[in-house]
2 protein chains.
Amino acid sequence: MDTQWLDKDELGAWVGLVAVVELLPGVLDAQLRRDSGLTHFEYYVLAMLSEAPERTLRMTELAQQTNATLPRLSHVVRRLEERGVVERSPCPDDRRATNARLTGKGLAAIEAAAPGHVDNVRRHVIDALTRDQVSQLHDIAAALLERLDPNGLLTAVYERP
Amino acid sequence: MDTQWLDKDELGAWVGLVAVVELLPGVLDAQLRRDSGLTHFEYYVLAMLSEAPERTLRMTELAQQTNATLPRLSHVVRRLEERGVVERSPCPDDRRATNARLTGKGLAAIEAAAPGHVDNVRRHVIDALTRDQVSQLHDIAAALLERLDPNGLLTAVYERP
DNA sequence: CTGAATTAGTTGAAGGAACAACTAAACGCC
DNA sequence: GGCGTTTAGTTGTTCCTTCAACTAATTCAG
């Protein structure tokens, strides 16, 4: 079967998307590291915990919500624990499992980091788009995620009515 | 000044975009590594060289087009050179500079990798969208890149008429 | 000209991510 | 109810990225 190459419009959209995907992490990381001493991934871990009931999640669930492998998360959480923003404890229900819980210090850390982060997002993304484009982007992302993340693991937290 | 938080639509768009940015690199890397033994970044390096006149670019220019730091590119190109897909030579015009050139083997490698990659892009991105959405995404990406990449370094190659 | 500052690139060391191997608990089923 | 399988998580190794230090060539100022 012959390859179906991308036409001009498709190629433009694709190249643009790739460039955004390439550049955005650096922009997010740089601001968070500079102002809060957190990587974007660490910020996301803390954010997921802060939204969870009891500020607590099992490692596996947290890994799914942050798109991390379990080894990666394990290392990151260990480092976060050393810094006192997260605590780990064996899960009473299932003794194989570990619960990660955001500490008071961790809550303070993410609450301190959030305004600057949101500001950064606004400056680099939201404010660059018209309201219509924001709405279009919402739909486009949803369509893409249907394939990239069929179970909606990464976005589940924000999809409450 | 108080933080201006994101409203519902903005938050949806933002969370979706972050999820896409988080997931897409893994999808691209996985296919390319599996089928061609290249990371997406390596693929992009070879692609930029293949589009350049004489299949040759100076390290600095290549770094800009791929959004790499110079040290990163230097390491990657060294490894690619060890694999015989790229050659380095001192630039005659400016003896500080180094030219990287895609070898015949490198050209063969990227030509072999391209169909599977394009296929993957189509499956995961283009085919998930309507034609209108592809066009909207094109515009949205362009608007974002105006801030993320004001000089258009990453997309310059594909913007010839 | 000549010396200071800038630019191009490499190299080495340190930190983080992916992968593989491992431990331990729970499930499943006959 | 014991044995194989699956699930949860950690640990260690390897590879890649980032950062800092360095060399060498070029530019620019006086």
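Order of the sequence lines sets the chain letters (A, B, ...), proteins ahead of strands, with each chain counted from 1.
- Comparing dA26(C), dT26(D), dT18(D) by their closest approach to the side chain of Asp94(B) singles out dT26(D).
- The pair Arg131(A)-Glu10(B) meets the salt-bridge criterion, since a charged nitrogen lies less than 4.0 angstrom from a carboxylate oxygen.
- One finds the CG atom of Leu28(A) at 11.0 Å from the OH atom of Tyr44(A) (value rounded to the nearest 0.5 Å).
- With hydrogens and angles left out, the side chain of Arg72(B) and the base of dT17(D) share no donor-acceptor pair within 3.5 Å.
- Considering Arg83(B), Arg33(B), His117(B) as possible partners of Leu38(B), the one that fulfils the side chain to side chain contact (heavy atoms under 4.5 Å, CB included) test is Arg83(B).
- The separation between Arg34(B) atom CZ and dA18(C) atom C1' is 17 Å, rounded to whole Å.
- Straight-line distance from the CE atom of Met59(B) to the P atom of dA25(D): 17 Å, rounded to whole Å.
- Considering only residues two or more places apart in sequence or on other chains, Asp29(A) meets the side chain to side chain donor-acceptor pair (under 3.5 Å) condition with none of them.
- Nearer to the 5' terminus of DNA chain D, by closest-nucleotide assignment, is the contact made by Asn99(A) (compared with the other of Asn99(A) and Val76(B)).
- Distance Arg33(B) CZ to dT14(D) C1': 11 Å, rounded to the nearest Å.
- When the C1' atom of dA20(D) is taken as reference, atom CG of Leu70(B) falls 14 Å away, rounded to whole Å.
- If you take CG on Leu137(A) and CD1 on Ile126(A), they are separated by 7.5 Å, rounding to the nearest 0.5 Å.
- Taking 4.0 angstrom as the limit, Arg96(B) places none of its side-chain polar atoms (N or O) nearer than this to OP1 or OP2 of dT10(C).
- Residue Phe41(A) contributes atom CZ, which lies 18 Å from atom P of dT17(D) at whole-angstrom precision.
- Rounded to whole Å, the distance from OH on Tyr44(B) to C1' on dC16(D) is 20 Å.
- The NE2 atom of His40(A) sits 17 Å away from the C1' atom of dA17(C) (whole-angstrom rounding).
- Counting only heavy atoms from C-beta on, Pro71(B) has its side chain closest to dC19(D) among dA8(C), dT10(D), dC19(D).
- In the set dT11(C), dT10(D), dA18(C), the nucleotide with an atom closest to the side chain of Arg78(B) is dT11(C).
- For a distance-only test at 3.5 Å, the side chain of His75(B) qualifies as a donor-acceptor partner of the base of dG12(C).
- The side chain of Arg95(B) approaches dT26(D) more closely than any other nucleotide in the set dA17(C), dT10(D), dT26(D).
- Regarding Glu61(B), its CD atom lies at a distance of 11 Å from the P atom of dA8(C), rounded to whole Å.
- In this structure, Thr98(A) reaches the sugar-phosphate backbone alone: every heavy-atom distance under 4.0 Å involves primed, P, OP1 or OP2 atoms, never a base.
- For Arg79(A), taking side-chain heavy atoms from C-beta onward, the closest of the listed nucleotides dA18(C), dT11(C), dA17(C) is dA17(C).
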